[in-house]
There are 2 protein chains.
Amino acid sequence: MMQVNTSSDLQEERQRLDAFFRFGISVDCVVFGYDGENLQVLLIERGAEPYKGFEAIPGDLVSLNEDIDQATKRVLNDLTGLPDIYLEQLSTFGAVERHPMGRVVTVVYYALLDKNLYNPHPASWASEAYWKNLDEIGEMAFDHRQILEAAVQHLHHKVQHQPIGFELLPEEFTLAQLQHLYETILNTSFDKGNFRKKMLSMNVLIPLDKMQKEVRHRPARLYRFDQQRYEQLVQKGYLFEL
Amino acid sequence: MMQVNTSSDLQEERQRLDAFFRFGISVDCVVFGYDGENLQVLLIERGAEPYKGFEAIPGDLVSLNEDIDQATKRVLNDLTGLPDIYLEQLSTFGAVERHPMGRVVTVVYYALLDKNLYNPHPASWASEAYWKNLDEIGEMAFDHRQILEAAVQHLHHKVQHQPIGFELLPEEFTLAQLQHLYETILNTSFDKGNFRKKMLSMNVLIPLDKMQKEVRHRPARLYRFDQQRYEQLVQKGYLFEL
DNA sequence: TATTTAAATTGTAAAAAATACTATAACTTG
DNA sequence: CAAGTTATAGTATTTTTTACAATTTAAATA
C-alpha cells in the first residue's frame, strides 16, 4: 500500500482530533514497606484541592512532555522525598467521574522497600507523608481506596511466584526474618525447618560469613539475595514458587 | 483538617491545570485466537493516517465521556465487527513520542477466543481485518510490535497459573485438544496420561456424555470448563497451576 | 466379519518432593 | 555453669510427580 501524506493532510486530521486531546494523565505510586513486623504503605495527606485534607496515595499529574515511567520517580520524590526507586506498573484506572477537575486517567505503579532505609518528608502540596499499617486505613481521596485494594491483591499473588519479598528486607537478613515477612504478607504460618529447606534449595540465597548481632539467643546466619542467580534460573525456565 | 473550598478556588485551580489536560487516550485490543493448530492474533490494516497501510493492533482514541473499559468493546466492534467479548487490561504505554499526532497514552487490553466462532470484517477506518500467525508478523504501526511482544509474554506467564486456555477452545473439547493448545502456547510437550490426570484432578472439567464425532479412530470424551467450580476453588485459596 | 490401526484411557512402579516431627548446637543471661 | 531460647540439622512418613506399559475402543480395511 502506498503512503501519501502531505503536511496539510496531517494538520486536517489533527484538527478533527482536537476534541479527543483533553485528557489529563496522572501517576499514583503505591509504595509498600516492611518494618520487621507489619506491612505498611506510604501515604500523604493532601494539602491542596481537590480532596484537601484527605489521605491519598502519592501521585500527581504528568506533564505533556514527560515520560510516564519517569514521572513516577519525580512525583514520589517531590511529595515524599524518597529517592529513585524501581517502580513497576500495575494497572490503569480511567472511570469517567473519578476526578472532579476533569477527565483524568491514572496509571498506578507500585514498589516494595525496606522502610527503615528511607524517612519520608512531606513537600510540594503534600502536607504530611508517613507510613501506615494496611489495616488502619480509612477513607481516601478519589478512588484511591480501590487502587490500594488492587495493589494489595496484586502483591499477594505476585509474592507467591517471584522473589519480591527480598526487596522489603535489609540487604542482609536471616531466614527467620524472611519467613516472618512471608507469613505477614500471606497471613499464614510455615514450618521453620521446611521453609528453610525450600528457600535454600532454590539456590537464590547467598549464605554470608556473618551472624546476627545483638540478640539474646543463638544468633542466626545472615544471607543475601542473589539477583544474578535468580535471573539465570528464570532464563532457564525455572519459576520461583512458594 | 477543615475543608474550605469555594467554587472560585476550584476554578482557579482548574485554569492552572489547563496545560496538563492535553493528552489523548487510546485503547488497543490484542485478541488471541486458536484454530486447533496455531496461535494467532487479530490485526487490521490501517486505512487512515498516520501509518496508513500499516498492520496494527485494533485500537482507537477514547472519547472524553467514555469509560475506558467500555471503549475497548466499541473499538473492537467498530473496526473488526467482533461482538462484546471480555477484555482484560494488560498495561499502559506512554512514551512521549509514540504517536505522531500528539501525546497519546494507550491502554492495552487482551482477550482470548475460539477464532472459529467469529469472522472479522473490516469497517470504519480499518481497510482489512484478519487473523495472522504470531510468527509471521513483520513491521507494525506505532509501537505495536512492542505491545504485541508484551502481550505474548504475559500470555505465557498467565497460562501457567490460570485456566485461561479454555477461552481459546470451543465450549466442548477433548483432553487431547486442550493438551495440544497448552503445548502450542508454551512450546513444550507433556505426557498424555499425566496431563490428563493433572487436569482432571483439578476438578474444573465437567465430563459430558458426548463423544467426538467424525474421527477415524476411537473418539474421545468431550469436556467443558466449569467456571463456577473454578471460582469456588480460587475463593478457597486454591491456585490453578500447570 | 475378522483384522488392523490409531488414539483414548487406565494402571503401576519408581523417583522425587512435601510434611511433620525430633534431636542437637550455639549463644545469652542470670 | 545452668537455664532459656532460637538456629540448624536430620529423619521417617506421606503425598505427589514422573515415566512408561497395558488395555480399551471405534473406525477403516481386507
Side-chain angles (χ1 to χ4, degrees), chain A residues 36-37 159-161 163 165 169-170 172-184 186-225 233 236-242, chain B residues 36-37 159-161 163 165-166 169-170 172-184 186 188-225 233 236-242:
Chain A
E37 195 58 41
V159 79
Q160 295 185 66
H161 301 294
L169 291 173
E172 304 180 345
F173 51 85
T174 69
L175 287 170
Q177 286 176 311
L178 185 62
Q179 180 176 350
H180 183 268
L181 169 61
Y182 273 92
E183 288 177 342
T184 301
L186 296 174
N187 197 35
T188 48
S189 65
F190 299 104
D191 176 273
K192 223 192 311 183
N194 297 335
F195 182 86
R196 151 185 299 268
K197 263 181 282 181
K198 196 157 197 170
M199 275 297 164
L200 292 178
S201 74
M202 287 176 190
N203 273 27
V204 293
L205 294 185
I206 301 176
L208 304 175
D209 285 333
K210 288 186 185 176
M211 293 293 172
Q212 211 175 13
K213 289 270 162 67
E214 301 178 14
V215 284
R216 80 247 216 94
H217 55 265
R218 173 177 173 182
R221 178 178 296 280
L222 292 171
Y223 293 82
R224 63 184 182 78
F225 176 57
L233 287 177
K236 287 185 192 162
Y238 180 91
L239 236 166
F240 174 101
E241 276 180 13
L242 226 61
Chain B
E37 196 59 40
V159 79
Q160 295 184 66
H161 301 294
F166 303 98
L169 291 173
E172 303 180 345
F173 52 84
T174 69
L175 286 171
Q177 287 175 310
L178 185 62
Q179 181 175 348
H180 183 267
L181 169 62
Y182 274 91
E183 288 177 342
T184 301
L186 296 173
T188 48
S189 65
F190 300 103
D191 176 274
K192 224 193 309 183
N194 296 336
F195 182 86
R196 151 185 298 269
K197 263 180 283 181
K198 198 157 195 170
M199 275 297 163
L200 291 178
S201 74
M202 287 174 190
N203 273 28
V204 292
L205 294 186
I206 301 176
L208 304 175
D209 285 332
K210 287 187 187 177
M211 294 292 171
Q212 211 177 12
K213 286 272 163 66
E214 301 179 12
V215 284
R216 79 243 219 97
H217 55 266
R218 174 178 174 181
R221 178 178 295 280
L222 292 171
Y223 293 82
R224 63 185 183 77
F225 177 58
L233 287 177
K236 288 185 192 160
Y238 180 91
L239 236 166
F240 175 102
E241 275 180 13
L242 224 62

Report for the helix from C:dT1-D:dA30 to C:dG30-D:dC1: angle between first-end and last-end helix axes, five pairs each, rounded to 10 degrees.
0°

Going by the rule side-chain contact (heavy atoms from CB on, under 4.5 Å), which residues pair with [X] if we only count those two or more places apart in sequence or in a different chain?
X        : result
A:Thr184 : A:Tyr34, A:Leu39, A:His180
A:Arg221 : A:Pro207, A:Asp209, A:Met211, A:Tyr223
B:Asp191 : B:Asn194

Specify the separation, in whole Å, of atom NE2 of A:His180 and atom C1' of D:dA7.
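About 17 Å, once rounded to whole Å.
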
Nearest whole angstrom, please: distance from the C1' of D:dA9 to the CZ of A:Arg221.
13 Å

Side-chain N or O of A:Lys192 versus OP1/OP2 of D:dA7: is the shortest distance under 4.0 Å?
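For A:Lys192, the contact criterion (side-chain N or O under 4.0 Å from OP1 or OP2 of D:dA7) is met.
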
Taking only side-chain nitrogens and oxygens of B:Arg196, does any of them come within less than 4.0 Å of OP1 or OP2 of C:dT10?
yes

Any heavy-atom pair between the side chains of B:Leu181 and B:Phe166 that's under 4.5 Å?
no

Report the residues that fulfil ring-ring contact (aromatic ring centres under 6.0 Å, His included) with A:His217, sequence neighbours left out, ordered by chain and then residue number.
none

List for me each residue that meets ring-ring contact (aromatic ring centres under 6.0 Å, His included) alongside B:Phe195, sequence neighbours excluded, and say none if there are none.
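For B:Phe195 the ring-ring contact (aromatic ring centres under 6.0 Å, His included) partners, ignoring immediate neighbours, are B:Phe190.
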
Mind listing the N/O atom pairs, protein and nucleotides 20-26 of chain D, below 3.5 Å?
unit_1: D:dT24; atom_1: O2; unit_2: B:Arg218; atom_2: NH1; d: 2.4

Which residues pass the side chain to side chain donor-acceptor pair (under 3.5 Å) test with [X], not counting sequence neighbours?
X        : value
B:Lys210 : B:Glu172
A:Gln179 : A:Glu183
A:Asn203 : none

Counting side-chain heavy atoms from C-beta on, which of D:dA7, C:dA18, C:dT9 comes nearest to B:Ala220?
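Within the option list, the nearest is C:dT9.
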
Under 4.0 Å, heavy atom to any atom of DNA chain D: which of residues 200-208 of chain A qualify?
none

Point-to-point distance, once rounded to the nearest 0.5 Å, from CD of A:Gln160 to NE2 of B:His161
10.0 Å

